[in-house]
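Below, read A as the first sequence line, B as the second, and so on, with proteins coming before strands; counting in each chain starts at 1. Note that this is a predicted model, so its numbers are computed, not measured. FYI, side chains are in, hydrogens and waters are out, and symmetry mates aren't considered; it's all heavy atoms of this structure.
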2 protein chains.
Amino acid sequence: MEHTLTISVQDYLKHIYELTENGENASTNALAEKLDVKPASVTVMVQKLALSTPALVEYQKHQGVTLTKEGRKAALEVIRHHRLLETWLVRTLGYSWDEVHEDAERLEHVISEDFERRIAAVMGHPVRDPHGEFIPTAELTMPLDDSVPLSALRPNQTAMLQCVRGADAELLRHLESLGLVPGVHLEVLEYSPFDHNLMVKAGSKSAVLGLNVTHKIFVEVL
Amino acid sequence: MEHTLTISVQDYLKHIYELTENGENASTNALAEKLDVKPASVTVMVQKLALSTPALVEYQKHQGVTLTKEGRKAALEVIRHHRLLETWLVRTLGYSWDEVHEDAERLEHVISEDFERRIAAVMGHPVRDPHGEFIPTAELTMPLDDSVPLSALRPNQTAMLQCVRGADAELLRHLESLGLVPGVHLEVLEYSPFDHNLMVKAGSKSAVLGLNVTHKIFVEVL
DNA sequence: AATAATAATTAGTTCGGACTAAATTTACCC
DNA sequence: GGGTAAATTTAGTCCGAACTAATTATTATT
Ligand SMILES: [Mn+2]
Ligand SMILES: [Mn+2]
Ligand SMILES: [Mn+2]
Ligand SMILES: [Mn+2]
C-alpha cells in the first residue's frame, strides 16, 4: 500500500468505478459531468492516473478509461467508506435516506481504517447501505448483484425491491412516500408501450412511474 | 457567515486560539511548530488572514498574532467539532482517550452543522471532552475555566483532576495507568523544591511527577 | 553601543488541481 | 467520401499553500 491518494483522485476513481460497472469505458464528458468539473480537467487528471505507478486507470486517447486492479481496489475502498458511513448515519444519528449522501461524500475521504473497522463492527458488518446498495467487503470485493431494473418488468410480475441507485434527495423522498423502499414487495399492474411507464403497486399504494424512475430502481423478480 | 474556510485556515485559527489562551500573542515560530510547517509559510498565511475581509487575525510584523472576533468564532467552531467528535468516538465507538486525537483532527473539518447538532444531541450536549477540556457551546462561547495547573499545588493539598491538556498518547496511557483521569480526587504528598517534582496520590496509587507532567494536568483545589 | 544569536520576513519556486480558449479527433449524415 | 457537430485533447493561466534561500529585525551579551 503506497501513497495516500488525494481526495480528488479518490473521487475520480469512485466515479470511474460507477461509470464502468456496466462494462463500458467511462467517457471524459460523463466523468466531467459526475465530478462537476470541465472535460479538459478530466483529460489531464486521467492522463496522470494512467501514468502513475502503479497505474490506476487504463487510458487511451478518445477511448475513455477503465480501472486497473489497483484503481479498482482504491475505488472500492472509498465506496466501502461511503456506504458504511451512510448506513451508520442512518442507524445511529437518525438521518433519513435522502439526507445522508452529502455528509458521507466528505467523510469518506478522511476516516481511518480503524474507524472503518469500528463502525462496521458496531453495526454487525452490514451488507447493504440505506439505499440497498451492496457495501464492498473489508477485503474489497463486491458481492455479485443479480438484480434487474424495474423497467424490465411487465404486468403481473412481482418482485422485491433491492436498491435505488442514482436518485436525488427529492426522488428518494417521493419513493419513500410511495412505500418504495428496499425490501418491499411490489407488483407491476400496467405497462404503456409508448412511453414505457409502469404502474406499480407496493402495499396499499400504487403509482405510475416513468422510465426515468424505473431504471433507477433495482429488483429481484419473484 | 462567509463560511468555507479551507482546512489549512481552520487549522491555523485553531492553533492560534490555543497559543493565545494565556493572553500572549502567538509567535510565528510557535505556530510553525504546532502546525508542522516552516516559519516562512506561517508569515505568509498570517498576512493573508490579517488582510482578508473580515480580518481573522490581528497582526503586525515581528509581534505575532491574535484572533479577531471573527477569527475567534471560527476557531471555536473547529474546536467544538474536535471535542464533540472526540467525545463521541470514545462514547460510541470505544476509542480510548489516547486514540481519539488523530481521527478527530481530520473529521473536525468536514462535518456539517447538522452532523454537529446530531451528535451533540445524541450525547446529551456534553460539556467536557474525554480529556476534560471544555467543549465550546453551540453559540460558540467558551465556559470560564477556573482550574489551576497541578504544578501549583503543594503537600497536603487535595484536588479534583479536571483536565489533561497537551499530552501525547503515551503520556495519556501512563496517566491512566496511575488513575490520573478527569474526575479523580488526588492529594499531593511531597514536593521537591529543586526539580519541582510532586508526589501525587490518586486512589491507591501514587507517583512522582515532573514539571513536564504536572503543568499539563489541571485541577480544582478542594 | 556594538555584535552575535535568534526570530521573522521576503523573494522566488514548486505542486496539485482546477479553469478558458484553441486545436484536433472521432462520429454521423447525406 | 466530404462536411459538420460533438467529444476530446492541448496549451497556457491561476490559485492555495507549501518549500528553500537570502535578507532584515529584534534580542541578548558583553
Ligand atoms: Mn467525495
Ligand atoms: Mn447509498
Ligand atoms: Mn485539523
Ligand atoms: Mn481533547
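Between the CD atom of A:Gln63 and the C1' atom of C:dA27 there is a distance of 12 Å, rounded to whole Å. In this structure, A:His109 atom NE2 and C:dG16 atom C1' are separated by 16 Å, rounded to whole Å. Whole-Å rounding puts the B:Glu33 CD to C:dT6 P distance at 16 Å. Rounding to whole angstrom units, CG of residue B:Leu5 and C1' of D:dG16 are separated by 14 Å. For B:Leu51 and C:dT10, the CG to P distance is 12 Å, given to the nearest whole Å. Between the C1' atom of D:dA7 and the NZ atom of A:Lys38 lies a distance of 15 Å, rounded to the nearest Å. Distance, A:Ile7 CD1 to D:dG16 P: 18 Å, rounded to whole Å. Atom NE2 of B:His15 is separated from atom C1' of D:dA17 by 17 Å (rounded to the nearest Å).
For A:Lys61, taking side-chain heavy atoms from C-beta onward, the closest of the listed nucleotides D:dT10, D:dC19, C:dA18 is D:dT10. Minimum atom distance to the side chain of A:Gln47 is reached by D:dT9, of the listed D:dC19, C:dC19, D:dT9. When the nucleotides D:dA17, C:dT10, D:dT9 are ranked by their closest atom to the side chain of B:Ser8, D:dA17 comes out on top. Listed nucleotides D:dT9, C:dT9, D:dG16 differ in distance to A:His62; the shortest reach to its side chain belongs to D:dT9. Here D:dA17 is the nucleotide among C:dT20, D:dA17, C:dG16 with the atom lying nearest to any side-chain atom of B:Thr6.
Formation of a donor-acceptor pair under 3.5 Å by the B:Thr20 side chain with backbone atoms of B:Glu24 is not found in this model. Looking at B:Ser52, its side chain does come within 3.5 Å of a backbone N or O of B:Pro54 through a donor-acceptor pair.
At least one test fails for B:Arg72 against the ring of B:Tyr17: distance under 6.0 Å to the centre or angle within 45° of the axis. With A:Tyr95 as the aromatic partner, B:Arg118 meets the cation-pi criteria of under 6.0 angstrom to the ring centre and within 45 degrees of the ring axis.
Considering only side-chain N and O atoms, A:Tyr59 lies under 4.0 angstrom from the phosphate OP1 or OP2 of D:dT9. In terms of phosphate contacts, B:Asn29 brings a side-chain nitrogen or oxygen within less than 4.0 Å of OP1 or OP2 of C:dA8.
Among the heavy atoms of the strands lying under 4.0 Å from A:Ser41 is at least one base atom, whether or not backbone atoms are also near. Base engagement by A:Thr43 is indicated by at least one non-hydrogen atom pair under 4.0 Å involving a base atom.
A salt bridge links B:Glu133 and B:Arg165; the closest N-O separation between the charged side-chain nitrogens and carboxylate oxygens is under 4.0 Å.
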